[in-house]
Amino acid sequence: MGTMPLTPADIRNKKFHTVRLRPGYNEEDVDALLDRIEATLVALEGGPRKGPLLTADEVRNSRFRTTRMSPGYREDEVDDFLDLVVADLAGRGLGQPAPPPPLPPHPGRSGPQQAHPGQGPARPGQRGPDLPPNAPSAPMSSPGPRMAPQDIRDKRFATTRLTTGYNEQEVDEFLDRAEHTLEVLLQGRPDRATLSSEDVERVQFATTRARPGYDPAQVDQFLDELAEEFRHHERR
C-alpha cells in the first residue's frame, strides 16, 4: 500500500498468519479493533458514522490478550500493520504520529505498558527481558491502590541464560490464571477464582539450564506479593 491512504477495504481484507507453538495475539481482540478502524475510515470517506472516530493514540495504545494453547495472530505482523494505521490516522488529523511516551520508572510498576519510541503499539504478553538478572522487583507501594489485574498482565522478569531459570511458559500460564483470579475477586465473585493464596505459595515451576528462563528471585518475590494480595481478598 506504500504511502497511499488506507481504505476500508484494506482493513476488511487484511489477513495475518497464525501461530500455534508460541504466543500470538487473540484473534477476536485484533478483529474487533480492525472493525473499529474500518468503521472510522468509512466515516472519514463520507459513509455512515457508527460511534466516535478511532484516534491514532487509541490504536497505538491498544492491547490484546495473548494466546499460548490456541492459535493466535503473529504479533509482529499485527504490530507492523497497526503502525501503518497509526500513521494514516495521524495524517488525517486524528492524533499525533509518534509522540515519545514517558517510560515507566520500573517495569514492574502498575499502569499501562508503554511503547518505546519507534516500536509501534505496546506489545502485550512479553514479560522480559527488561530487568537485569537478580535485580529485585519494585515493592508494592503502601499506602495506595492495591494490585490490579493490569499489574499482573504487565509484569516483566529478566531472563537468565548461564544460570538456572524458571520455565517461561509455565510462569506465564500461571500468571494468566492469577490475573483471572484477581479480576473475579475484585468483582466480588470469589466462587469463580481458580487460585488461592496457598496455590501461589506452593506453586513450583520447571527449571531451565540450556535455554533462557525467568530469573527465579524476581519471580519468587512477585509471587510473595501476589500471595499477600490474594490473602487480603480472602480475609474480606
Distance in Å, [X] [atom1] paired with [Y] [atom2], rounded so as to fall on 0.5 Å steps:
X: Lys155; Y: Leu226; atom1: NZ; atom2: CG; value: 11.0 Å
X: Glu183; Y: Ile152; atom1: CD; atom2: CD1; value: 9.5 Å
X: Arg63; Y: Gln150; atom1: CZ; atom2: CD; value: 5.0 Å
X: Asp199; Y: Phe230; atom1: CG; atom2: CZ; value: 9.0 Å
X: Thr7; Y: Asp88; atom1: OG1; atom2: CG; value: 9.5 Å
X: Arg74; Y: Asp79; atom1: CZ; atom2: CG; value: 11.0 Å

I'd like to know if [X] and [Y] make a salt bridge, using a cut-off of under 4.0 Å between side-chain N and carboxylate O.
X: Lys14; Y: Asp10; value: no
X: Glu228; Y: Arg235; value: yes
X: Arg231; Y: Glu234; value: no
X: Arg177; Y: Asp172; value: no

Taking every non-hydrogen atom, the tightest pair across [X] and [Y]:
X: Pro5; Y: Arg92; answer: CB-NH2, 3.7 Å
X: Ser197; Y: Ala227; answer: CB-O, 3.5 Å
X: Thr160; Y: Gly165; answer: OG1-CA, 3.4 Å
X: Tyr214; Y: Val219; answer: CB-CG2, 3.7 Å
X: Gly72; Y: Thr67; answer: CA-OG1, 3.4 Å
X: Ala56; Y: Ala90; answer: CB-N, 3.9 Å

Determine whether Leu89 and Val59 satisfy the following criterion, side chain to side chain contact (heavy atoms under 4.5 Å, CB included), listing intermediate values before the conclusion. CA-CA 9 Å; Leu89 294 179; Val59 176; 3.8 Å; yes

Tell me, please, which residues at least two apart from [X] pass side chain to side chain donor-acceptor pair (under 3.5 Å).
X: Arg202; answer: none
X: Arg12; answer: Glu38
X: Glu77; answer: His17
X: Arg192; answer: none

Under 4.5 Å between any side-chain heavy atoms of [X] and [Y], yes or no?
X: Leu223; Y: Val203; value: yes
X: Glu201; Y: Ser196; value: no
X: Val30; Y: Leu34; value: yes
X: Val86; Y: Phe81; value: no
X: Asp191; Y: Val184; value: no
X: Tyr166; Y: Thr159; value: no
X: Val78; Y: Leu82; value: yes

Tell me whether [X] contacts the main-chain N or O of [Y] through its side chain, where contact means a donor paired with an acceptor under 3.5 Å.
X: Asp35; Y: Ala32; value: no
X: Asp215; Y: Ala158; value: no
X: Asp151; Y: Met147; value: no
X: Thr181; Y: Leu195; value: yes

Show me the side-chain donor-acceptor pairs of residues 42-51 shorter than 3.5 Å, one per line, residues at least two apart or across chains.
from, atom 1, to, atom 2, distance (Å)
Arg49, NE, Gly51, O, 3.3

Which of parallel (below 30°), tilted (30 to 60°) and perpendicular (above 60°) describes Phe64 and Tyr25?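 Judged by the thresholds at 30° and 60°, the geometry between Phe64 and Tyr25 is tilted.
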
Aromatic ring pairing Phe174/Phe205, orientation class (parallel under 30°, perpendicular over 60°, tilted between): perpendicular

How about Tyr73 and Asn26: does a side-chain donor come under 3.5 Å of a side-chain acceptor? no

Compute whether any side-chain donor of one residue and acceptor of the other, for His233 and Glu229, lie under 3.5 angstrom apart.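 Yes - a donor-acceptor pair under 3.5 Å links their side chains.
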
Are Val19 and Phe16 grouped together when hydrophobic residues (ILVMFWY) are joined by side-chain heavy atoms under 4.5 angstrom apart? no

Test side chain to side chain contact (heavy atoms under 4.5 Å, CB included) on Leu54 and Leu94; report intermediate values, then the result. CA-CA 8 Å; Leu54 195 64; Leu94 293 177; over 6 Å; no

Please name all residues satisfying salt bridge (charged side-chain N to carboxylate O under 4.0 Å, His left out) with Glu58, sequence neighbours left out, ordered by chain then number. Arg36

